[in-house]
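To start, the structure under review is shown below, and the notes come after it.
Bear in mind that the values here come from a model prediction, so they are computed numbers and not experimental data. Hydrogens, waters and symmetry mates play no part in the numbers below; they use all other heavy atoms, side chains included.
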Amino acid sequence: MTVISDASPLVSLSRIEALELLPTIYGTVTLPDAVWNEVVVDAEKQPGAKAIRNASWIETQAVSNRDLVRAL
């Protein structure tokens, strides 16, 4: 199963130290590059950012259909 996440569940779960629920349920979680930048790069000093950065089960992927993103 492919699971793609936005920032809210990652930030919320990491702040309550429950981030490991995601790989237990889904295995690998894919983040669009923009989400990775939002929760790890831009929020580097925020609670939970380091846990997200170090999660080996998170992969990133560039969005290939920009027109669809704009439509959403």
Side-chain angles (χ1 to χ4, degrees):
M1 171 189 315
T2 299
V3 175
I4 300 172
S5 180
D6 66 0
S8 296
L10 294 170
V11 170
S12 298
L13 288 171
S14 66
R15 287 185 177 181
I16 63 169
E17 298 182 10
L19 195 60
E20 290 301 318
L21 289 173
L22 293 175
T24 301
I25 297 168
Y26 302 113
T28 300
V29 175
T30 302
L31 304 182
D33 288 338
V35 173
W36 176 264
N37 288 334
E38 180 181 347
V39 299
V40 173
V41 178
D42 297 341
E44 180 179 1
K45 298 193 186 309
Q46 296 298 315
K50 185 176 180 181
I52 296 167
R53 177 187 297 276
N54 293 333
S56 62
W57 45 269
I58 292 177
E59 58 184 36
T60 60
Q61 185 172 352
V63 173
S64 58
N65 189 337
R66 290 289 190 198
D67 291 333
L68 183 58
V69 171
R70 280 189 282 280
L72 292 173

Quick check: is I25 connected to I4 through a chain of hydrophobic side chains (ILVMFWY, heavy atoms under 4.5 Å apart)?
no
For D67, the side-chain hydrogen bond (donor to acceptor under 3.5 Å, both in side chains) test, sequence neighbours excluded, returns R70
Show which side-chain atoms of residues 12-19 pair as donor or acceptor with protein atoms under 3.5 Å away, not counting sequence neighbours.
from: S12; atom 1: OG; to: S8; atom 2: O; distance (Å): 2.9
from: S14; atom 1: OG; to: L10; atom 2: O; distance (Å): 3.0
from: S14; atom 1: OG; to: V11; atom 2: O; distance (Å): 3.0

With A49 via side chain to side chain contact (heavy atoms under 4.5 Å, CB included) - residues at least two apart
none
Tabulate below the donor-acceptor pairs under 3.5 Å that side-chain atoms of residues 26-45 make, not counting sequence neighbours, or state none.
from: T30; atom 1: OG1; to: E59; atom 2: OE2; distance (Å): 3.1
from: N37; atom 1: ND2; to: D33; atom 2: O; distance (Å): 3.3

